Amino acid sequence: MSENVEQVVETVEMHHGCPVVDSRGQRVLLVSRDQYVSVVKALADEGFEVCVDLTGVDYLNMADRVLPAGVIAERFEVVVNLLSLSRRERIRLRVQVPQDNPVLPSLFDVHPGTEAHERETFDMFGIQFDGHPDLTRILMPEDWDGHPLRKDYEQGTIPVQFKGSHS
């Protein structure tokens, strides 16, 4: 894997000032952190009334991944899947989040159902969501050190106990 190799995808379409690419037949908007909440609000006004999913991705070992021209690859990415029931359409948003400032505004005021998704993304990846009503761990114990889905998180050897098994 070569460092500092910038690969780009040609885009012809823009939506709300964001490059749009196709991923297996689904429209994907590459949204900047500054545009994030305003684009989600605009899409809600267009009929994308349901946030189906919000999660994080750690691209620690994929710095040279393919992105559209003008989109700077960061270590983390937040992926949001929105659904329009009336239009019977899905759209995905990808937001680059830098390692040295892993913070995004919360979507809670636009889509209250993101409360648990943002907490899980915080817990597993360490990405913070400004304005979240209760940004605390949701899966790991409060005193857990680290974020288990980060690619640099050391794998442990915690023994798994299955109910009814003979140990």
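Hydrogens, waters and symmetry mates play no part in the numbers below; they use all other heavy atoms, side chains included. Remember, predicted model here, so these are calculated numbers, not experimental data.
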Let me see the working for Val103 and Gln128 under side-chain contact (heavy atoms from CB on, under 4.5 Å), right down to the final yes or no.
-> CA-CA 5 Å; Val103 180; Gln128 298 178 28; 4.2 Å; yes
According to the salt bridge (Lys or Arg N to Asp or Glu O under 4.0 Å) rule, which pairs have a member within residues 49-58, sequence neighbours left out?
-> Asp58-Arg75
Give the cluster check for Val78 versus Val50: same hydrophobic cluster or not, with ILVMFWY residues linked at side-chain heavy-atom distances below 4.5 Å.
-> no
Check: Leu139 main-chain N/O paired with Asp123 side-chain donor or acceptor under 3.5 Å = yes
Assess whether side-chain hydrogen bond (donor to acceptor under 3.5 Å, both in side chains) is satisfied between Gln35 and Ser32, documenting all intermediate values.
-> CA-CA 5 Å; Gln35 298 170 302; Ser32 71; 3.0 Å; yes
Do Val80 and Val95 come close enough that some side-chain heavy atom pair is under 4.5 Å?
-> no
Just wondering, are more than 12 heavy atoms of other shown residues or ligands nearer than 6.0 Å to CG in Leu85?
-> yes
Ignoring hydrogens and angles, tell me if any N or O in the side chain of Glu77 forms a donor-acceptor pair with the backbone of Val57 under 3.5 Å.
-> no
Joint cluster assignment, Val39 & Val20, ILVMFWY side-chain distance < 4.5 Å | yes
For side-chain contact (heavy atoms from CB on, under 4.5 Å), just list the numbers for Phe76 and Gln96, CA-CA rounded to whole Å, side-chain angles, deciding distance to a tenth of an Å, and then say yes or no.
-> CA-CA 6 Å; Phe76 298 110; Gln96 301 302 306; over 6 Å; no
Are Arg137 and Glu142 within salt-bridge range, i.e. N to O under 4.0 Å?
-> no
Hey, does Pro105 have a side-chain heavy atom less than 4.5 Å from the side chain of Tyr36?
-> yes
Indicate whether the side chain of Glu89 and that of Ser84 have a donor and an acceptor atom separated by less than 3.5 Å.
-> no
What is the minimum heavy-atom distance between Pro68 and Leu30, and which atoms define it?
-> CG-CD1, 3.5 Å
So, do Arg119 and Met124 sit near enough that their side-chain heavy atoms are less than 4.5 Å apart?
-> no
Polar side-chain atom of His147 near backbone of Phe122 as donor-acceptor pair, under 3.5 Å = yes
What orientation do His132 and Phe108 show, parallel under 30°, tilted 30 to 60°, or perpendicular over 60°?
-> tilted
Rounded distance [0.5 Å steps], CG in Leu43 versus NE2 in His15 = 5.0 Å
Looking at Tyr59, is Arg65 sitting on its ring face, NZ or CZ under 6.0 Å from the six-membered ring centre and within 45 degrees of the normal?
-> yes
Same apolar cluster: Leu83 and Val79, side chain cutoff 4.5 Å = no
Does Asp145 CG have over 12 foreign heavy atoms under 6.0 Å away?
-> no
Atom CD of Glu46 and atom OG of Ser86: how far apart are they, to the nearest 0.5 Å?
-> 10.5 Å
Does the side chain of Phe129 reach to within under 4.5 Å of the side chain of Thr114, using non-hydrogen atoms?
-> no
Are Ile127 and Trp144 connected in the hydrophobic side-chain network, where two residues link if heavy atoms are under 4.5 Å apart?
-> yes
Shortest non-hydrogen pair, Ser106 vs Gly131, comes out as CB-C, 3.8 Å
Establish, from distance only, whether the side-chain atoms of Glu118 and His111 form a donor-acceptor pair under 3.5 Å.
-> no
Under the salt bridge (Lys or Arg N to Asp or Glu O under 4.0 Å) test, which residues partner Arg90, sequence neighbours left out?
-> none
Note, Gln26 side chain near Ile91 side chain (heavy atom, < 4.5 Å) | no
Linking I/L/V/M/F/W/Y whenever their side-chain heavy atoms sit closer than 4.5 Å, directly or via other members, would Leu54 and Val110 fall into one cluster?
-> yes
Rounded to the nearest 0.5 Å, what's the gap from CD on Glu120 to OG1 on Thr55? Could you check?
-> 6.0 Å
Which residue, Val31, Leu29, Val28, forms the side-chain contact (heavy atoms from CB on, under 4.5 Å) with Arg94?
-> Val28
Heavy-atom pair of closest approach, residues Pro102 and Val97 | CA-CG1, 3.4 Å
